Amino acid sequence: MDWGTILSNLVHDTIVFSTALIFAALGGMYSERSGVVNIALEGMMIIGAFTGAVVTFFAQDAFGSGAPWVGFAAAIVAGAIFALPHAVASITFKADQVVSGVALNFLAAGLSVYLTKIIFHGAGQTTTLSHVFGKWHIPLLADIPYVGHALFEGYPTSFIAFALVALSWYVLFKTPFGLRLRAVGEHPRAADTVGINVKRMRYTAVMISGALAAMGGATIALTTTSNFSHNTVSGQGFIALAALIFGKWHPAGAMGAALFFGVAQAIKSLVQIFGLTQYVPTGFIYMLPYILTILVLAGVVGRSSAPAALGKPYETGSR
Amino acid sequence: MRGITKRFPGIVANDNINLVVKKGEIHALLGENGAGKSTLMNILFGLYQPDEGEILINGKPVHITSPNVANELGIGMVHQHFMLVETFTVTENIVLGNEPKNGLQIDIRRAVKEVEELSRKYGLKVDPTAKIADISVGMQQRVEILKTLYRGADILIFDEPTAVLTPQEIQELIEIMHNLVKEGKTIILITHKLKEIMAVCDAVTIIRRGKVIDSVAVKDTNPDELAAKMVGREVTFKVDKKPPQPKEVILSVENVTAMGNRGVNALNGISFEVRAGEILGIAGVDGNGQSELIEVLTGLRKASGGRILLKGQDITNRLPREISEAGLSHIPEDRHKRGLVLDFTMSENMVLETYFHPRFNKNGFLDYAAIDKHASRLIEEFDVRTPSIHTKARALSGGNQQKAIIAREVDKDPDLLIAAQPTRGLDVGAIEFIHKRLVEQRDKGKAVLLISLELDEVINVSDRIAVIYEGQIVGIVDAKSTTEQELGLMMSGGKRMQGGGSDE
Amino acid sequence: MNRVIAVFTKESFLVPAAAIILGLLTGAVAMLAGGFNPIKAYASLVEKVFGSSYNFGETIRQITPLIFTGLSVAFAFRTGLFNIGAEGQFIMGMIASTAVGISLDLPAYIHAPLAVLAGALAGGLWGAIAGYLKAARGVNEVITTIMLNWIALYFANYILNAFFVPVGQQRSEMIKDSASITIGWLSQMFDSARLHWGTLLAVLAAVFFYVVLWKTKTGFELRAVGLNPHASEYAGMNVNRNVVNAMFVGGMFAGIGGACEILGVFHYQAVMAGMPGYGFDGIAVALIGGNNPLGVVLAAILFGMLTFGAAGMKFGAGVPVELIRVVIASVIFFVAAHGIVKVFLKPILKKKEGGN
Amino acid sequence: GGKTEGQQGAANQGEGQAAAPNARIGMVTDVGGVNDNSFNQSAWEGLQKLQKDLNLPQENVNYLQSTSDADYIPNLTQFVKDKWDLTWGIGFLMGDHVKKVASENPDAKLAIIDAEVDAPNVESVLFKEHEGSFLVGVVAAKMSKTKKVGFVGGMEIPVIKRFEAGFEAGVKAVDPSVQVVKVYTAAFDKPDQGKSTASQMYDQGVDIIFHASGATGDGVFNEAKARKAKGQQVWVIGVDKDQSLTFGDDITLTSMVKRVDEAVYRVSKDVIDGKFKGGIVWLGLKENGVGLADTSNKNVPADVLKLVDEYKQKIVNGEIKVPETPQQ
Ligand SMILES: Nc1ncnc2c1ncn2[C@@H]1O[C@H](COP(=O)(O)OP(=O)(O)OP(=O)(O)O)[C@@H](O)[C@H]1O
Ligand SMILES: Nc1ncnc2c1ncn2[C@@H]1O[C@H](COP(=O)(O)OP(=O)(O)OP(=O)(O)O)[C@@H](O)[C@H]1O
Ligand SMILES: [Mg+2]
Ligand SMILES: [Mg+2]
């Protein structure tokens with residue numbers, strides 16, 4: 001195989017692996033930009049994956065190959081609803097946002113498998129789906145040598161994810177909603193004094209966050225695993241959180257960081273296929289992305305500045 | 001406002017307060033720390049809800065349930081602590097919440113134009129595209145004022161607007177206020193500075209412990225009367241002190257340079273000396289290197305050149321702990337950020353710099369009995385009002401927090417005491433107390449370095465005054481013979497002097 | 001006596017207690033929804049934990065690592081750091097003690113303590129890396145600890161495969177008997193449940209946590225730095241060194257936890273397909289325990305009993321073991337949102353006030 | 001001491017004669033759980049069949065799922081202490097634990113799949129996966145159009161190595177020029193890894209993949225299905241059970257079936273019949289413990305199946321000795 005093909009495959013796989021991370025990191029961005037820490041991305045992804053898989057499973061008969069879309073839509077709704085307790089606890093009841101997030105992670109992990117076992121007669125995972133997202137082949141563009149396979153042949157969710165990156169950038173930096181969202185995360189009292197409803201903004205942001213993270217989870221279930229089990233998400237929510245911080249709470253930055261983690265995953269199996277493991281132990285290849293992340297953070301990126309009011313509950317009339 | 005009462009747990013912040021403000025006037029609210037001024041204004045602005053009482057605007061009763069409602073009623077407020085988003089531009093801050101739109105997105109060009117127009121109309125100079133973090137405090141305040149004007153406010157509330165400004169900026173602000181009144185606005189001004197009230201206000205209402213004491217026209221009163229009403233007793237404004245008896249040099253700063261936060265030199269070869277038995281005041285406009293100077297002296301920032309000697313010993317770039325142990329104490333300018341661990345008890349805060357001394361610590365274990373005893377003594381001696389030494393520092397009022405810091409620092413019996421903005425935001429009673437303590441230190445034969453943005457304070461308390469401008473001392477004058485005008489000129493870089501003599 | 005009553009009616013006790021009850025109720029609702037009998041299920045849970053000396057001993061075994069990782073997370077928390085990395089530190093403790101346990105040949109009174117110490121050091125250093133990066137380079141410890149977890153996982157697997165795993169096996173050789181910290185007689189007493197000295201170490205660690213943080217000058221610094229780094233710097237404390245120290249001590253707790261699992265429970269280390277999870281559970285334990293040592297021990301006991309007893313629920317009432325995670329999640333949630341709990345508690349607290 | 005004696009006595013009485021008609025058989029799964037589409041499930045199906053065949057009360061067969069390594073011993077002990085007649089440990093990873101529990105409870109009976117436990121009260125059942133894999137290797141070599149076939153393994157443990165060794169030997173026996181691409185995903189439960197690995201293999205020109213990776217292999221099937229839908233001709237060879245029943249005939253070429261259910265059924269019945277022996281049992285082609293799925297004729301042409309049968313005979317009568325570890 002020539003280098004062009006290898007590279008083309010690498011880019012292609014990178015996008016596959018990054019998609020879920022992009023969704024979730026974007027989700028985290030909305031919440032954290034509004035000042036609410038979201039360590040619950042993992043749990044929100046789990047709920048997304050679970051809902052996506054289960055709804056798709058039951059929609060298969062009625063909708064056929066349209067079923068994954070139904071499942072995906074259901075996951076979005078489920079994610080937004082699932083985020084609600086986090087919002088209630090951390091916004092209305094001023095709970096510690098980290099604690100509330102951890103609670104949600106536990107809840108998602110337990111509830112999803114518990115329900116799976118009830119729905120699927122004791123099985124720890126959903127039945128394998130017969131209809132999942134197929135790869136799209138963008139006409140003409142996908143036929144360009146190398147580049148076509150790399151960029152224009154992929155799951156619909158990948159295209160949605162990249163579109164959402166652009167959309168989020170626009171929303172955040174060009175619209176009144178975005179300006180207000182950022183104001184609420186930086187200086188909620190200032191926002192309050194100009195008549196912005198801080199709590200409502202934060203509720204909205206946290207629910208958007210849940211919806212997006214759930215899209216990430218559903219993406220895994222409906223593209224790569226074709227089912228849901230306890231380890232469908234397995235830590236990717238935390239990686240997404242890292243990507244968000246790595247990307248400095250910026251949509252493009254988060255996307256870049258997500259792609260970086262994706263590339264590392266893709267390299268893992270490529271290296272084995274090309275038999276490079278005889279030169280480098282697999283263990284080291286597995287470690288590489290994480291080591292690189294730390295090195296990059298320590299060397300280049302340095303101190304990243306979180307939204308100023310991140311993690312601080314806002315009380316009207318407090319100082 | 002009629003019969004306004006507001007209770008907080010354990011305190012009645014506003015007790016049946018009546019306040020009448022006439023259209024087109026500048027009305028001052030005067031009162032000690034914690035008298036309830038901010039609370040009253042926060043009620044008027046809809047941030048708090050009163051427990052009792054009603055508010056009438058133009059004779060009509062209104063319910064101000066949120067700042068939104070206040071905005072609609074034409075009430076705007078410039079808060080004691082600015083309500084600006086540091087990472088946003090001036091324009092973004094001004095239009096926030098009322099953004100001009102172009103389709104779905106903010107029409108930022110139109111917003112900038114509107115800000116420019118407003119700024120021209122009221123003579124409030126701002127740079128619409130600058131980030132808040134990059135502009136001076138004075139300009140930030142103008143942004144705050146523009147924010148209220150942009151929302152069409154007719155009644156403007158200023159909560160301690162001059163506390164953070166330089167004399168020049170205060171002058172500008174007074175002019176702005178006059179302009180605003182001319183445009184038909186009504187202003188409520190909260191301040192501790194009697195001089196300002198006398199200079200700009202038409203009427204003044206005095207509040208003490210949540211109750212209105214009196215409401216008078218400014219032309220019928222004088223500063224002494226106001227002060228007496230405010231604290232309930234006679235107050236002296238002049239710090240009375242004996243002539244200084246300077247002895248040997250304690251601190252000598254030689255040609256020190258240091259980098260500021262923005263990556264350019266904040267100190268440009270600064271040199272001066274402080275002697276035992278004198279108070280050297282450092283006057284200057286905010287941002288001319290005062291903060292950096294303090295940080296370099298106390299070891300919190302690295303000097304890139306020059307030398308600092310404390311009692312002849314070189315302390316340049318030594319660790320804060322070494323410098324502190326060498327005999328330097330420091331009352332920090334930001335008491336919440338540097339001065340206290342707010343979630344520590346008062347007792348723990350009193351040994352923040354000395355917990356490792358053998359008298360508080362044996363083999364690495366803290367001797368809490370000794371620490372508590374120490375704290376009790378300090379709190380008693382310095383009259384810090386706290387329910388208990390085990391109360392968290394957070395629960396104390398600003399004035400008492402400051403007293404506690406001063407107790408801690410003075411008790412270290414330092415050869416040099418650096419006092420940075422020691423009375424910022426405090427009422428006259430507290431100010432008097434603190435000034436006395438500084439002079440007492442001097443009279444004990446210690447050196448005191450006072451760094452303050454308040455010219456009054458510098459002139460009253462210091463023996464000699466060094467003026468800092470762009471990271472250099474541009475002149476040193478005798479406190480008794482100088483005038484505010486002379487200092488003001490030097491502070492703006494207008495006149496360079498050496499050792500009191502002119503070199504023009 | 002009155003003081004005892006005072007403790008039990010204090011809010012700091014009532015809120016977690018109410019949170020636990022609400023959590024169990026939430027679990028019961030979930031069971032009813034799933035068609036199970038919650039009373040039977042909880043009865044089997046209790047039966048599983050307390051029904052036999054063997055299972056009771058095994059419950060203690062389950063609780064022990066949770067105390068360690070809980071303390072690890074809590075200690076860092078106290079100094080203002082969020083240690084998601086107890087997981088990785090735990091793994092490093094495992095691999096270091098495995099290495100020492102297998103490679104050295106020493107008398108038991110040296111070998112076992114040395115192996116534990118190796119685990120402590122490895123965990124501590126692993127934590128200190130994150131601390132150093134935070135202090136020297138300002139890198140957010142949340143990311144570094146997440147990354148270090150994965151690195152620890154793969155690194156430990158690599159070391160195992162390269163040096164300690166016999167051909168055709170998926171686990172290391174057995175550690176030498178001299179490195180074992182199993183307590184034979186106690187184990188016998190509990191019907192050969194895997195009891196070991198680690199439990200005692202865990203309790204000692206909690207005491208150590210308390211003494212260091214609240215009784216020593218080091219603790220004074222650590223807490224000050226955690227609450228206000230600017231004031232600490234002003235007061236002459238070395239903020240960076242304290243950050244590194246805090247992460248080192250936190251990592252040490254987790255590392256000892258890992259070491260004890262190897263030396264006391266397994267006596268070998270298996271190649272891991274995924275994270276063992278004790279570190280993540282430690283976050284929950286620390287949070288339920290309010291980040292104080294006694295709270296952590298109590299929370300670990302609760303957590304350990306619930307997770308171990310879950311198998312009993314499955315056995316006795318057919319309830320999937322995952323349900324217990326729902327219960328734990330609810331407890332954490334109610335502890336976090338104590339405002340909600342107070343709504344439920346209002347009648348009780350009211351009565352108390354009336355009584356006074 | 002008296003207590004132990006009493007127990008011993010009771011056990012001795014039970015030995016050698018048929019267990020009571022309502023014998024109880026339990027099994028402990030590994031972290032995969034009882035519905036893993038793989039050997040845990042297969043084992044459980046064996047027990048359920050037994051329960052039906054012998055008309056045992058439903059609660060007399062039960063399983064406990066392990067959520068981590070630390071659970072194996074308490075779970076095994078749960079059955080043992082409760083005096084169940086036989087306790088199964090399912091999977092190679094439980095070897096040490098079964099051994100420990102067995103030695104601590106010499107009067108209990110245990111059995112294990114896939115691992116060798118040398119104890120008198122344990123029956124270890126192992127399969128000659130290499131023999132079965134050799135046969136699917138033959139199929140793969142015959143049917144590959146690209147002369148490139150793939151192997152996806154879970155963890156690198158002896159069981160899986162036997163799959164790899166046998167498969168490669170079978171391929172090379174037919175056509176030494178056929179290339180075998182091998183990847184270990186280091187996990188039995190990562191369909192996403194399986195999918196991306198398969199994707200890369202197919203991209204590289206592999207047209208038949210044999211997987212021995214539990215649920216990770218689901219990903220291999222999913223990738224094949226997606227390619228098939230686009231018209232690319234690719235195949236997967238399933239493992240453990242007849243996976244064409246789950247994933248369909250259009251992509252499942254055949255499966256290397258491992259009769260865990262049969263083994264579990266047989267050994268459990270032995271216990272009930274009082275014929276439990278302990279020791280190590282290897283089940284290979286000869287014993288019908290491994291082999292091609294019955295549905296293989298749907299996709300594999302008769303001539304290939306004939307060739308497979310020829311090789312099978314040679315292995316059974318010892319003419320061919322299939323290696324257990326991969327040649328390097
Ligand atoms: N949110 C609050 N919760 C509890 N007590 C409060 C709160 N805000 C103010 N108080 C109390 O109400 C009293 C009045 O406070 P207020 O801020 O109105 O004083 P002030 O006159 O503005 O003082 P200063 O001159 O220091 O600004 C104080 O004793 C203060 O402790
Ligand atoms: N949440 C609160 N609860 C109780 N008292 C408070 C609270 N917030 C502030 N205070 C008290 O209200 C009074 C006025 O507060 P304010 O914010 O004006 O501080 P300050 O003392 O004027 O100091 P500065 O203006 O320098 O920050 C002080 O006595 C302060 O301690
Ligand atoms: Mg005020
Ligand atoms: Mg004030």
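Just so you know, these numbers use all the heavy atoms, side chains as well, and skip hydrogens, waters and symmetry mates. Throughout, a chain's letter reflects where its sequence line sits, starting with A, and its residues are numbered from 1. Note that the structure is predicted; figures quoted are calculated from it, not measured.
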Exercise. With a 4.5 angstrom heavy-atom cut-off, could you sort out which part of A/Thr116 is near chain C: side chain, backbone, both or neither?
Key: neither
Self-check item: Which atoms of C/Val319 approach chain A - backbone, side chain, both or neither, heavy atom under 4.5 Å
Solution: side chain
Quiz prompt | Over all atoms of both residues, closest heavy-atom pair of A/Lys117 and C/Pro320 | solution = CD-CB, 3.5 Å
Exercise. Counting only heavy atoms closer than 4.5 Å, note whether A/Leu288 contacts chain C via side chain, backbone, both or neither.
Key: neither
Exercise. Between chain A and each of C/Phe82, C/Phe333, C/Trp150, count heavy-atom pairs under 4.5 Å; write down the option with the most.
Key: C/Trp150
Exercise. Sort C/Ala162 into side chain, backbone, both or neither according to what part of it lies under 4.5 angstrom from a heavy atom of chain A.
Key: neither
Self-check item: CD1 on C/Ile328 to CG on A/Leu107, rounded to 0.5 Å
Solution: 11.5 Å
Exercise. Select, from C/Ile340, C/Asn157, C/Thr144, the one with the greatest count of heavy-atom pairs under 4.5 Å involving chain A.
Key: C/Ile340
Quiz prompt | Spacing of A/Asp96 atom CG and C/Ile332 atom CD1 [to the nearest 0.5 Å] | solution = 12.0 Å
Practice problem: For the pair A/Ile39 and C/Val142, evaluate side-chain contact (heavy atoms from CB on, under 4.5 Å) and give the outcome as yes or no after the intermediate values. | Solution: CA-CA 10 Å; A/Ile39 199 167; C/Val142 172; 5.6 Å; no
Practice problem: Over all heavy atoms of both residues, which pair between A/Ala103 and C/Ala329 is shortest? Give the atoms and the distance, please. | Solution: O-CB, 3.3 Å
Exercise. Measure the CD1-CE distance between A/Ile294 and C/Met147 for me, rounded to the nearest 0.5 Å.
Key: 7.5 Å
Quiz prompt | Point-to-point distance, once rounded to the nearest 0.5 Å, from CZ of C/Arg325 to CG of A/Asn105 | solution = 10.5 Å
Quiz item: Any chance CZ of A/Phe57 has more than 12 other-residue heavy atoms, nucleotides or ligands included, within less than 6.0 Å?
Solution: yes
Exercise. Looking only at non-hydrogen atoms, find the nearest pair between C/Ala336 and A/Val99 and report the distance.
Key: CB-CG1, 3.5 Å
Quiz item: What closest approach, in Å, do C/Leu133 and A/Ala298 show between heavy atoms, and which atom pair accounts for it?
Solution: CD2-CB, 3.7 Å
Exercise. May I ask you to decide if the ring planes of A/Tyr114 and C/Phe36 are parallel, tilted or perpendicular, using 30° and 60° as cut-offs?
Key: tilted
Self-check item: Per-residue contact mode, A/Ile118 against chain C (heavy atom under 4.5 angstrom)
Solution: side chain
Quiz item: Quick one: what part of C/Tyr154 sits under 4.5 Å from any heavy atom of chain A, side chain, backbone, both or neither?
Solution: both
Quiz prompt | Among C/Val321, C/Ile84, C/Ile159, C/Leu287, residue most engaged with chain A (heavy-atom pairs, under 4.5 Å) | solution = C/Leu287
Exercise. Could you tell me which non-hydrogen atom of A/Gly110 sits nearest to which non-hydrogen atom of C/Val326, and how far apart they are?
Key: C-CG2, 3.8 Å
Quiz item: If you count heavy-atom pairs under 4.5 Å between each of A/Leu104, A/Ile119, A/Leu244, A/Thr293 and chain C, which one has the most?
Solution: A/Thr293
Practice problem: Given side-chain contact (heavy atoms from CB on, under 4.5 Å), test C/Asp281 with A/Phe106 step by step and report yes or no. | Solution: CA-CA 9 Å; C/Asp281 291 352; A/Phe106 269 82; 3.6 Å; yes
Practice problem: Answer yes or no: is there a side-chain heavy-atom contact under 4.5 Å between C/Ile283 and A/Val98? | Solution: no
Quiz prompt | Contact origin within A/Leu241 toward chain C - heavy atom pairs under 4.5 Å | solution = side chain
Quiz item: Which atom pair, heavy atoms only, marks the closest approach of C/Ile146 to A/Phe238?
Solution: CD1-O, 3.5 Å
